[in-house]
Amino acid sequence: QVKSRGKDNYCFFDSSMNVDTSQRLTLERDLRRAISHGELEVHYQPQVCLRTGEVGGLEALVRWRHPQRGLLQPAEFLPLASETNLIAELSHQVLTSACEEVGQWIAAGYSDLRLAVNLSPVQVEHPMFARRLMAQLRQAGFPPGNLEIEITENVIMNDLEKVSQTLRELAQQGIRIAVDDFGTGYSSLNYLHQLPIHILKVDRSFIQSIRAGNEGACIVDAVIAMAKGLKLEIVAEGVENQDQLDYLRARHCDHVQGFLFGRAQPGPVVQKLLDGQLLPAAVQA
Ligand code: C2E
Ligand code: MG
Ligand code: MG
Ligand code: MG
């Protein structure tokens, strides 16, 4: 917003806007360089299957290894990437790296290992998205049946028509669809039986308020009951302690993800985890 002051009507930015704008421009320039120079990394957070006690899936989470500022989390650069067209290229790189890396583990014998990737609104709403994604998977030799895409309720509701078309095309190819941060978006529940949804990821705010008899726990119970009725799988997000795990196990939650089992880690670390199944004793029933 440009302010106009004084009798000569000079336009100028006030100093606070100036700082914001120049920081933004620096970040945008740096992010362009990050994308072209390979500074983005994909880290993976394990999703543990409560039936088997093993890592059944990995969620790909982007990180930026900034040459001066160290390892940056998505909150520090995804908003800007989404406002510019950089999100498309960023997402393409995440998917390429994750398919290559996890594809090798699948080929090496972890044939049921699932890769979960987050999608942003611009991707899902693009009419060519499903076809491009399939082409990308073919090129990488990645089996579509091992891929899950995660979208939020807000993305679904934003343009139900377009999103529904994309999701149908993906589901026809065997890709599974998860609703991320379930319970926190502005949405009706109608879409659950209109769209090809396979998985609900219960938002960590509900998991973190689990205490016997309180409201968070009631919501978790209700979501699990609804998911079972609709034959959807449940992933509990943000599981941090043994009490939460015990609660979820008692209610036959399918999968759990959270700091209790590990944070997102670089590929080589995750490969060791898979090979040794180095999970905390908490998980082994
Ligand atoms: P999300 O998809 O809901 O991912 C889960 C976030 O919760 C991750 O944060 C993860 O590190 C964090 N988390 C996992 N377990 C716990 C726990 O036990 N406690 C707490 N407090 N947090 C936990 P992260 O990596 O910072 O990612 C934030 C968000 O950024 C993601 O939320 C996702 O919406 C977005 N994102 C990350 N990577 C990508 C990407 O490659 N593409 C797109 N479009 N979005 C991404
Ligand atoms: Mg996610
Ligand atoms: Mg989430
Ligand atoms: Mg989230």
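Only a predicted model underlies this, so the values are computations on that prediction, with no experimental measurement involved. Each ligand, and each atom within it, is numbered from 1 in the order the structure gives.
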Is it true that [Y] and [X] share a donor-acceptor pair across their side chains at a distance under 3.5 Å?
X: E237; Y: Q257; result: no
X: T96; Y: Q136; result: yes
X: E233; Y: H198; result: no
X: D203; Y: S205; result: yes

Non-neighbouring partners of E240 that pass salt bridge (charged side-chain N to carboxylate O under 4.0 Å, His left out), sequence neighbours left out
none
Quick one: which of [options] has a heavy atom closest to [atom]?
atom: atom 26 (O) of ligand 1; options: S120, P74, S205; result: P74
atom: atom 39 (C) of ligand 1; options: L40, T152, V62, I207; result: V62
atom: atom 1 (P) of ligand 1; options: D180, L260, D203, L95; result: D180

Any H43 heavy atom less than 4.0 Å from ligand 1:
no
Please state whether Q208 comes within less than 4.0 angstrom of ligand 1, counting heavy atoms only.
yes
Is any NZ, NE, NH1 or NH2 atom of the basic residue among [X] and [Y] found under 4.0 Å from an Asp or Glu carboxylate oxygen of the other?
X: K201; Y: E59; value: yes
X: R63; Y: E41; value: no
X: R176; Y: E148; value: yes
X: R33; Y: D30; value: yes
X: D254; Y: R51; value: no

Could you list the atoms of ligand 1 found under 4.0 angstrom from a heavy atom of [X]?
X: L119; value: 44 (N)
X: E240; value: 17 (C), 18 (O), 19 (N), 20 (C), 21 (N)
X: E237; value: 3 (O)
X: V239; value: 18 (O)
X: L78; value: 30 (O), 35 (C), 36 (N), 45 (N), 46 (C)
X: Q45; value: 14 (C), 15 (N)

Heavy-atom distances under 4.0 Å are what count here, so tell me which part of [X] touches ligand 1: side chain, backbone, both or neither.
X: L90; result: neither
X: K201; result: neither
X: R204; result: side chain
X: R63; result: side chain
X: D181; result: side chain
X: V94; result: side chain

Please give the atom name: the N, O or S atom of [X] nearest to the Mg ion (ligand 2).
X: E150; answer: OE1
X: D180; answer: OD2
X: E59; answer: OE2

Side chain to side chain donor-acceptor pair (under 3.5 Å) against Q165, all qualifying residues, sequence neighbours excluded:
E169
Are any of the N/O atoms on F259, whether in the backbone or the side chain, positioned under 3.5 angstrom from an N/O atom of ligand 1?
yes
Considering only N, O or S atoms, which atom of D181 is nearest to the Mg ion (ligand 3)?
OD1
Which atom name would you report as the N, O or S atom of E237 nearest the Mg ion (ligand 3)?
OE2
Apply side-chain hydrogen bond (donor to acceptor under 3.5 Å, both in side chains) to Y186 and N158, showing your working.
CA-CA 10 Å; Y186 291 98; N158 201 28; over 6 Å; no
Would you check, one step at a time, whether the test ring pair (Phe, Tyr, Trp, His ring centres under 6.0 Å) holds for W105 with Y110?
CA-CA 6 Å; W105 301 333; Y110 295 102; 7.9 Å; no
side-chain contact (heavy atoms from CB on, under 4.5 Å) between I199 and I234, intermediate numbers included:
CA-CA 6 Å; I199 301 146; I234 289 270; over 6 Å; no
